[in-house]
Peer 1: 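Dumping the structure here so I can ask a few things about it.
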Protein chains: 2
Amino acid sequence: MTTIRDVAKHAGVSVTAASYALNNTGTIGEATRKRVLEAAEELNYHPNAFARNLKKRKTHTIGVFISRFGGSFYEEILEGIHSLILDTDYELLVCPESRSARRILLHRQVDGAIVFDSKISDEQVLKLASRHFPIVVMDRDLQSDFILPLLLDNPQGVREAFWHLHQQGFRKLSFVAGAMDSFDNAERMATFLAEAERHNLHVPVYQGNFTEISGYEIARAILQSDDLPEAVFCANDQMAIGFLRAMREHGLQAPNHIAVIGFDDIPLARYMQPSISTIGTPRFEWGTTAVRQLIDFIENETPFQPQRIPTRFLPRESSILNVHSQTSTGETILGPASSDPS
Amino acid sequence: MTTIRDVAKHAGVSVTAASYALNNTGTIGEATRKRVLEAAEELNYHPNAFARNLKKRKTHTIGVFISRFGGSFYEEILEGIHSLILDTDYELLVCPESRSARRILLHRQVDGAIVFDSKISDEQVLKLASRHFPIVVMDRDLQSDFILPLLLDNPQGVREAFWHLHQQGFRKLSFVAGAMDSFDNAERMATFLAEAERHNLHVPVYQGNFTEISGYEIARAILQSDDLPEAVFCANDQMAIGFLRAMREHGLQAPNHIAVIGFDDIPLARYMQPSISTIGTPRFEWGTTAVRQLIDFIENETPFQPQRIPTRFLPRESSILNVHSQTSTGETILGPASSDPS
DNA sequence: GTAGAAAAGTGAAACGTTTCATTTAACTGC
DNA sequence: GCAGTTAAATGAAACGTTTCACTTTTCTAC
């Protein structure tokens with residue numbers, strides 16, 4: 001590995017001069033600057049990032065911490081994050097759950113973090129965040145000047161969905177819940193149950209974990225009984241897909257036998273047969289917003305602006321009665337889009 | 001930030017002793033070791049990764065370089081990579097295309113790399129690879145002791161698909177190509193055209209770029225003419241989806257009007273209506289294989305074992321004539337699975 | 001020509017570790 | 001109680017940068 005020392009020697013100049021020339025800092029003559037750059041080129045020199053970061057105490061890197069790559073969910077968020085990063089001179093580092101996540105976070109190998117991994121504890125995040133290490137959290141609500149919670153507006157979408165069901169006359173409702181430690185699941189469930197409560201409806205809750213298979217198994221259990229719900233709300237699309245699969249295997253169809261609604265609007269949702277009613281989230285923009293605010297904070301100490309990411313109910317075939325001739329991607333709007341019609 | 005110096009002082013011991021204690025190296029008494037660890041705990045000490053890496057010249061990190069997150073394609077590969085990394089004490093760093101990719105690669109911020117990003121040039125890879133920096137490439141074929149090409153066995157799947165079409169009597173075929181700089185596209189196209197050649201068929205090629213929209217637009221162009229092909233082979237699923245969308249808009253159906261085959265078996269393919277015939281690849285295992293060999297090389301200098309990742313044709317509704325009553329996920333096998341029946 | 005200011009260039013310290021070469025302390029067996 | 005060994009602990013150098021404080025050179029205006 002060739003070092004800056006080699007470059008300096010080759011250009012017949014001091015190490016300092018070489019450093020200034022390479023970084024365009026300090027004060028250096030045009031002639032020598034050229035000479036140094038040529039030497040660097042010739043020797044195929046690339047600065048050692050560790051030495052540099054060690055000295056500068058800045059990495060110019062944003063770290064994104066997610067739990068896993070699968071599930072079609074993070075994909076668009078990551079794309080949004082990536083697209084905005086491309087416009088900056090920051091680097092991006094994505095780290096799935098593991099020892100490494102902890103390490104990288106703790107070691108401050110990044111200048112700021114975006115956290116979307118429930119395996120990282122609240123205490124961890126709170127302890128880490130500081131003026132010099134701002135953190136955006138997308139899956140929890142924490143109070144701190146150095147932490148920006150960017151959360152989905154779950155209540156909005158859930159209320160629209162509830163209203164959609166209620167307006168069509170569905171009264172026997174069930175809720176299929178996702179992972180218990182999930183903020184989003186909690187909020188979706190709380191909202192749905194609260195709405196039901198307001199209409200004096202009792203809603204049984206089935207505990208799943210956001211996976212397709214958990215939705216499938218819950219459905220199997222439910223379908224055993226002869227007292228079927230009229231509609232189920234699943235806390236995410238994966239479970240809705242599993243639920244529908246079980247229904248199909250039992251010879252039942254949505255929405256005729258049971259109406260089904262999911263959450264997230266993953267790509268599959270609109271292509272399934274029947275297409276799945278769900279709640280859409282602007283994930284791409286979610287990602288860009290996170291990066292924008294984070295970099296703004298790092299560069300200019302612009303205070304964080306907490307905001308909710310809007311959600312929107314998308315009625316599709318799986319929950320619309322007597323409308324079987326739609327296109328599979330149709331977005332027919334039945335009710336008003338406002339949140340709380342009562 | 002608390003440094004090892006603070007820890008040493010707090011434990012009343014030399015810096016060296018602290019380092020030995022923390023790393024479980026050197027020779028250190030059990031009592032002092034305990035004392036140091038307690039001090040570290042108490043001061044909430046975390047070693048500075050840059051200083052450490054600078055000294056050790058090892059990062060214990062594997063870098064994965066992909067072009068982007070979207071497209072459902074990398075997802076499973078990344079999951080495979082991640083799952084295996086979890087079993088090791090290596091860290092994982094995923095880097096989408098950008099300046100950063102180049103930088104991180106050049107700066108050797110990782111101990112080994114997995115490259116799946118055509119924006120990184122062959123020369124770059126060749127120049128970088130060395131005994132101390134092995135590289136797995138998944139999207140090109142390069143010869144070097146320090147480079148492991150792990151490529152799809154495109155010919156296998158394409159031949160099966162061609163045979164499937166031919167056996168059903170399709171003779172007017174078209175090929176929708178992906179990005180020109182793609183190894184996989186080149187190989188898929190070459191194989192398909194060679195097979196056609198052997199049967200004295202001329203196959204028009206339409207140049208796309210792997211995106212859904214390019215498939216859509218090519219289809220629109222083709223559908224203008226009144227001389228439609230009987231079947232089209234798209235170099236990936238995204239383009240097949242676009243192609244089918246255009247067909248639907250023209251009131252045409254696959255396979256009745258035009259049979260359509262894709263490549264990759266992305267999750268959507270089986271759920272589309274009609275389900276899309278495609279060529280499946282074990283992406284998860286592809287990822288694990290890459291990591292396994294890479295770490296094996298790094299740790300034990302185990303020579304790379306080049307191998308082809310098998311592919312398999314999956315006949316579905318979009319290319320099977322007169323079989324309309326299948327389940328949308330059915331995997332009916334029509335022909336023998338062997339590659340070259342002639 | 002010269003004083004003073006500006007520009008160009010340099011030496012050395014510092015960043016926080018690890019590790020080599022040494023020293024010091026603690027055991028052995030006799 | 002001592003020579004010889006082994007175990008425990010240490011000081012200092014090194015990793016490759018950046019940057020502060022300083023020196024040397026070049027320019028400017030009179």
Side-chain angles (χ1 to χ4, degrees), chain A residues 1-40 43-61 91 103-104 106-111 132-133, chain B residues 1-40 43-61 91 103-104 106-111 132-133:
Chain A
M1 279 280 78
T2 123
T3 80
I4 201 176
R5 195 153 270 116
D6 303 323
V7 174
K9 196 178 300 176
H10 196 265
V13 82
S14 76
V15 171
T16 307
S19 176
Y20 285 161
L22 291 165
N23 294 301
N24 242 331
T25 61
T27 155
I28 201 86
E30 192 51 34
T32 34
R33 204 176 134 268
K34 273 247 168 61
R35 207 137 35 85
V36 170
L37 295 186
E38 274 163 20
L43 298 179
N44 192 24
Y45 166 77
H46 294 289
N48 179 307
F50 299 122
R52 158 175 289 174
N53 291 336
L54 173 57
K55 191 69 184 84
K56 309 239 291 190
R57 315 163 129 276
K58 276 281 173 191
T59 64
H60 240 247
T61 303
E91 314 197 350
R103 264 196 252 173
I104 291 185
L106 291 173
H107 296 188
R108 294 270 205 298
Q109 287 184 53
V110 291
D111 290 348
H132 304 103
F133 194 66
Chain B
M1 278 280 79
T2 123
T3 81
I4 200 175
R5 194 153 271 116
D6 303 323
V7 175
K9 196 179 299 176
H10 196 264
V13 80
S14 75
V15 171
T16 308
S19 177
Y20 284 162
L22 291 165
N23 294 302
N24 242 330
T25 61
T27 155
I28 200 85
E30 192 51 33
T32 35
R33 203 176 135 269
K34 273 247 169 59
R35 207 136 36 84
V36 170
L37 293 187
E38 275 164 19
L43 298 179
N44 192 24
Y45 166 76
H46 295 289
N48 179 308
F50 299 122
R52 159 176 286 174
N53 292 336
L54 173 57
K55 191 69 188 79
K56 307 241 284 194
R57 317 165 126 275
K58 276 278 173 194
T59 65
H60 240 247
T61 302
E91 314 196 351
R103 263 197 253 172
I104 291 185
L106 291 173
H107 297 187
R108 292 270 205 298
Q109 287 186 51
V110 291
D111 289 349
H132 304 103
F133 193 67

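Just so it is clear, the structure is predicted and the values come from calculations on it, not from any experiment.
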Peer 1: Could you walk me through whether B:His46 and B:Asn44 pass the side chain to side chain contact (heavy atoms under 4.5 Å, CB included) check?
Peer 2: CA-CA 7 Å; B:His46 295 289; B:Asn44 192 24; 3.2 Å; yes
Peer 1: Under the side-chain contact (heavy atoms from CB on, under 4.5 Å) rule, collect the residues that match up with B:Tyr20, sequence neighbours excluded.
Peer 2: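 side-chain contact (heavy atoms from CB on, under 4.5 Å) check on B:Tyr20 returns B:Thr16, B:Thr25, B:Ile28.
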Peer 1: Suppose the criterion is salt bridge (Lys or Arg N to Asp or Glu O under 4.0 Å): which pairs have a residue in residues 15-28 of chain A, not counting sequence neighbours?
Peer 2: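 Counting only pairs at least two positions apart or across chains, no salt bridge (Lys or Arg N to Asp or Glu O under 4.0 Å) contact touches residues 15-28 of chain A.
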Peer 1: In the structure I gave you, are the side-chain heavy atoms of A:Met1 and A:Asn48 within less than 4.5 Å of one another anywhere?
Peer 2: no
Peer 1: Sequence neighbours left out, what pairs pass salt bridge (Lys or Arg N to Asp or Glu O under 4.0 Å) with at least one residue falling in residues 3-26 of chain A?
Peer 2: none
Peer 1: So for the helix from C:dG1-D:dC30 to C:dC30-D:dG1, with five pairs setting each end axis, what is the inter-axis angle to 10°?
Peer 2: 30°
Peer 1: NA contact type, B:Arg5, heavy-atom cut-off 4.0 Å: base, sugar-phosphate, or nothing?
Peer 2: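 Base: the residue B:Arg5, judged by heavy atoms under 4.0 Å, touches a nucleobase.
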Peer 1: Apply side-chain contact (heavy atoms from CB on, under 4.5 Å) to A:Arg57 and list each qualifying residue two or more places apart in sequence or on a separate chain.
Peer 2: none
Peer 1: NA contact type, B:Asn23, heavy-atom cut-off 4.0 Å: base, sugar-phosphate, or nothing?
Peer 2: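 Result for B:Asn23 = sugar-phosphate.
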Peer 1: Taking B:Lys58's backbone N and O only, do any of them form a donor-acceptor pair with B:Asp111's side chain (distance below 3.5 Å, no angle check)?
Peer 2: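 The answer is no, because no donor-acceptor pair under 3.5 Å joins these two groups.
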Peer 1: How close or far is atom C1' of C:dT19 from atom CG of B:Leu54, stated in whole angstroms?
Peer 2: 13 Å
Peer 1: Evaluate the side chain to side chain contact (heavy atoms under 4.5 Å, CB included) criterion for residues A:Phe50 and B:Lys55: first the C-alpha distance (whole Å), next the side-chain angles of each, then the deciding distance (0.1 Å), finally the verdict.
Peer 2: CA-CA 9 Å; A:Phe50 299 122; B:Lys55 191 69 188 79; over 6 Å; no
Peer 1: Over all strands shown, is A:Ser19 touching base, sugar-phosphate only, or nothing at heavy-atom distances under 4.0 angstrom?
Peer 2: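 Touches a base.
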Peer 1: Considering residues at least two apart in sequence or located in another chain, which fulfil the side-chain hydrogen bond (donor to acceptor under 3.5 Å, both in side chains) criterion with A:Ser19?
Peer 2: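 Testing A:Ser19 for side-chain hydrogen bond (donor to acceptor under 3.5 Å, both in side chains), a comparison that skips the adjacent residues, returns A:Asn23.
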Peer 1: Would you give a per-nucleotide map of nucleotides 4-11 of chain C, 5' to 3', where B means the base has a protein non-hydrogen atom under 4.0 Å away, S means only the sugar-phosphate does, and - means neither?
Peer 2: ---SBBBB
Peer 1: With B:Arg33, which residues qualify under salt bridge (charged side-chain N to carboxylate O under 4.0 Å, His left out), at least two apart?
Peer 2: B:Glu30
Peer 1: Using chain A heavy atoms and a threshold of under 4.0 Å, write down where along DNA chain D the contacts begin and end, 5' to 3'.
Peer 2: D:dG16 to D:dC20
